[in-house]
Colleague: 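Before anything else, here's the structure in question.
Throughout, residue positions are numbered sequentially from 1 according to the sequence presented.
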Amino acid sequence: MTCPSYLEFDPETRQLSLDPHTPDFVQNPYEAYGFMHRSARAFFWRDYGHWCFAGFDDVSRLLRDRNFGRERPDYAPQPVGPRDHLTDFDRVEASSILEVEPPVHTRLRGLVNRAFVSRSIERLRPRIEAIAHQLIDGIEPAGGCDLIAAYATPLPIIVITEMMGLPAEDGPQLLDWSHAMVAMYSHNRSTKTENRANDAAREFTRYIRGRIGERRKDLKDDLLSLLIAARDNDDKLTEDELISTSILLLNAGHEATVHQTGNAIRTILRQGGDPRRFFSDEAQTAATIEECIRIDAPLHMFTRYAYQRTEAAPGVIIEPGGVIGLLLGAANRDIDAFEKPGSFTPGRADQKNASFGAGIHFCIGAPLARLEMQLLLKTLFERLPNMALLAEPQFRDSYHFHGLEDLTVEW
């Protein structure tokens, strides 16, 4: 496979130069991933300043490797530049399940699991399906719309706010705060982006603290009440942990699902023919969603810190405090892990994916995301089987989050 014109690669040092904002890469990262699968599955990405891994086996193994983790060790190089303007954001992150390791992670995950998993996700099926129909009822007479704004975005935010026991009318504000905070993970972010993220974290924290105060006086059958109850028992969440966990669940409860839904609708429409064939029964629907999750994932890079000197791959030594990048989107298209990895093949014999991560940080909301995707897509294509793309959708310039700017369709 020839080297894409927008990247430079030195096979001797395994160093790659590729600006992730390059338009061709933004719209189709899989060309570059395919080249790396054939050239060097482990490579040093100069633009990020750390080693990255593109193969499915390496990504899966390193996600589980306890020599690496999300929590920044004291001996890791500190971020370049001042962070005084990120005090509120850093406080939220410091108590997040995503950013800590055992034993703190073990305790937090156990408490959240009791609250989150104890609520049977399957019992949400009728409500999710009803919301999907309501949203389609609102757009069907128009004959066309942007499905990201009208369908993919509102459903998961409605579901997670209802699960948390928060007012539905607060959804748009929560969405704005979430967008501002996740922008912190973008490459070469601006000071303006950082200030917006910190402002959002401060306001989000103030909002959640107020809701916690109200709910503590009147506990209900919702996720926020369950988290509060966990805090008030002997094995408890601290106030900061309770706030950070609530924010994390609200952000993670919709952000990736929106991108994955848009990517999946685009994928299915590009297959041509009657889309209902992919949703003929529950088994076919589940297989279709698993293939959508594999072939065009919403998150493309997770990073980890090294906790000791480790050979992450043959000849790749990571020193303590060093960072590695695990390319989930690349792993899902690995030519050694999948037969015809670029082919959309629901029910494939080699069905697997790295999209939800692995190991102790495996996505706690994966069952909910899968259920939402199954009902979102099945309902949409059953109601509007003659839907067609009005224009070729464009991906946002926002690596690590791989999602569409919009998805304009007509029927």
Colleague: Where the side chain of Asp24 meets the backbone of Tyr6, is there a donor-acceptor pair that is under 3.5 Å apart?
Modeller: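 No, because the side chain of Asp24 does not come within donor-acceptor range (under 3.5 Å) of the backbone of Tyr6.
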
Colleague: Given 3.5 Å as the limit, does a donor-acceptor pair link the side chain of Ser244 with the main chain of Glu241, or not?
Modeller: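 Between the backbone of Glu241 and the side chain of Ser244 there is no qualifying donor-acceptor contact (under 3.5 Å).
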
Colleague: Are any of the side-chain nitrogens in Arg383 or Glu140 under 4.0 Å away from the carboxylate oxygens of its partner?
Modeller: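 Salt bridge between Arg383 and Glu140, a charged N being under 4.0 Å from a carboxylate O: yes.
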
Colleague: Checking the side chain of Asn332 only, and the main-chain atoms of Arg294 only, is there a donor and an acceptor separated by less than 3.5 Å?
Modeller: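 Checked: pair present.
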
Colleague: So that I can tick it off, tell me whether Glu392 and Arg270 are bridged by a salt bridge, with the cut-off set at under 4.0 angstrom between side-chain N and carboxylate O.
Modeller: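 So Arg270 pairs with Glu392 through a salt bridge.
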
Colleague: Could you check, using the six-membered ring where one of them is a Trp, whether His259 and His402 have ring centers closer than 6.0 angstrom?
Modeller: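 They do not qualify: ring centres at least 6.0 Å apart.
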
Colleague: Does Asp199 pair with Arg202 as a salt bridge, N-O distance under 4.0 Å?
Modeller: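 Yes, this pair counts.
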
Colleague: Would you check if there is a donor-acceptor pair between the side chains of Asp170 and Tyr207 at a distance under 3.5 Å?
Modeller: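 Checked: Tyr207/Asp170 side chains pair up, N/O donor to acceptor below 3.5 Å.
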
Colleague: Looking at Asp65 and Arg304, is any side-chain nitrogen of the basic one under 4.0 Å from a carboxylate oxygen of the acidic one?
Modeller: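 Salt bridge absent between Arg304 and Asp65.
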
Colleague: Would you mind checking if Asp58 and Arg61 are paired as a salt bridge, meaning a charged N to carboxylate O distance below 4.0 Å?
Modeller: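 Salt bridge present between Arg61 and Asp58.
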
Colleague: Nearest 0.5 Å, please: how far is SG in Cys3 from CZ in Phe35?
Modeller: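 Answer for the CZ-SG pair, Phe35 versus Cys3, is 4.0 Å.
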
Colleague: Which heavy atom of Phe53 sits nearest to which heavy atom of Ala312, and what is that distance?
Modeller: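 In this case the closest contact between Phe53 and Ala312 is CZ-CB, 3.5 Å.
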
Colleague: Do Leu224 and Arg215 come close enough that some side-chain heavy atom pair is under 4.5 Å?
Modeller: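 Of all side-chain heavy-atom pairs linking Arg215 with Leu224, at least one is under 4.5 Å.
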
Colleague: Is it true that the NZ or CZ of Arg14 lies under 6.0 Å from the centre of Phe44's six-membered ring and within 45 degrees of the ring axis?
Modeller: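 Not flagged: Arg14 not positioned over aromatic ring of Phe44.
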
Colleague: Run the salt-bridge test on Arg125 and Glu129 with the 4.0 Å N-O cut-off and return the result as yes or no.
Modeller: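 Result for this pair is no, no salt bridge flagged.
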
Colleague: Please confirm whether the ring centroid of His300 lies under 6.0 Å from the ring centroid of His400.
Modeller: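 No - the distance between ring centres of His300 and His400 does not fall below the 6.0 Å cut-off.
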
Colleague: Just by distance, with hydrogens left out, do Ser95 and Asp240 show a side-chain donor and acceptor under 3.5 Å apart?
Modeller: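 Ser95 vs Asp240: no donor-acceptor pair found between side chains.
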
Colleague: Between Arg370 and Glu290, does any side-chain N to carboxylate O distance fall below 4.0 Å?
Modeller: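 Salt bridge present between Arg370 and Glu290.
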
Colleague: Using a 6.0 Å cut-off, check whether atom CD of Glu8 has over 12 heavy atoms from anything other than its own residue.
Modeller: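 Count not over threshold, so no.
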
Colleague: Using a strict cut-off of less than 4.0 Å between a Lys/Arg side-chain nitrogen and an Asp/Glu carboxylate oxygen, indicate whether Glu93 and Arg70 qualify as a salt bridge.
Modeller: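 Salt bridge between Glu93 and Arg70, a charged N being under 4.0 Å from a carboxylate O: no.
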
Colleague: Can you confirm whether Gln394 sits close enough to Leu404 that some side-chain heavy atom of one is under 4.5 Å from a side-chain heavy atom of the other?
Modeller: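 Of all side-chain heavy-atom pairs linking Leu404 with Gln394, none is under 4.5 Å.
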
Colleague: Strictly distance-based, threshold 3.5 Å: is any side-chain N or O of His361 a donor or acceptor partner for the main-chain N or O of Glu99?
Modeller: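 Side chain of His361 to backbone of Glu99, a donor-acceptor pair under 3.5 Å: no, none is there.
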
Colleague: Hey, are Glu382 and Arg276 close enough for a salt bridge, meaning a charged N less than 4.0 Å from a carboxylate O?
Modeller: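 Salt bridge between Glu382 and Arg276, a charged N being under 4.0 Å from a carboxylate O: no.
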
Colleague: Tell me whether the centres of the aromatic rings in Trp45 and Tyr399 are closer together than 6.0 Å.
Modeller: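 Yes - the distance between ring centres of Trp45 and Tyr399 falls below the 6.0 Å cut-off.
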
Colleague: Can you tell me which residue pairs pass the ring pair (Phe, Tyr, Trp, His ring centres under 6.0 Å) test with a partner in residues 365-394, sequence neighbours excluded?
Modeller: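 For residues 365-394, and leaving out neighbouring residues, the ring pair (Phe, Tyr, Trp, His ring centres under 6.0 Å) pairs sorted by first residue read Phe279-Phe381.
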
Colleague: Atom CD of Glu255 and atom OG1 of Thr153: how far apart are they, to the nearest 0.5 Å?
Modeller: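 Reported to 0.5 Å precision, the distance equals 9.0 Å.
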
Colleague: Would Glu405 and Arg396 pass as an ion pair if we require N to O under 4.0 Å?
Modeller: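 Salt bridge: no.
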
Colleague: Which heavy atom of Gly321 sits nearest to which heavy atom of Tyr75, and what is that distance?
Modeller: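 The pair with the smallest heavy-atom distance is N-CE1, 3.4 Å.
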
Colleague: Is the side chain of Ser96 donor-acceptor paired with the backbone N or O of Leu98 at a distance under 3.5 Å, no angle test?
Modeller: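 Such a contact is found between Ser96 side chain and Leu98 backbone.
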
Colleague: Pairs in or reaching into residues 329-354: which pass ring pair (Phe, Tyr, Trp, His ring centres under 6.0 Å), with residues at least two apart or in two chains?
Modeller: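 Pairs touching residues 329-354 that pass the test: Phe56-Phe338, Phe278-Phe344.
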
Colleague: Just wondering, more than 12 heavy atoms not from Glu311 lying within 6.0 Å of its CD?
Modeller: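 More than 12 within 6.0 Å, yes.
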
Colleague: Hey, are Asp57 and Arg41 close enough for a salt bridge, meaning a charged N less than 4.0 Å from a carboxylate O?
Modeller: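 No, Asp57 and Arg41 are not salt-bridged.
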
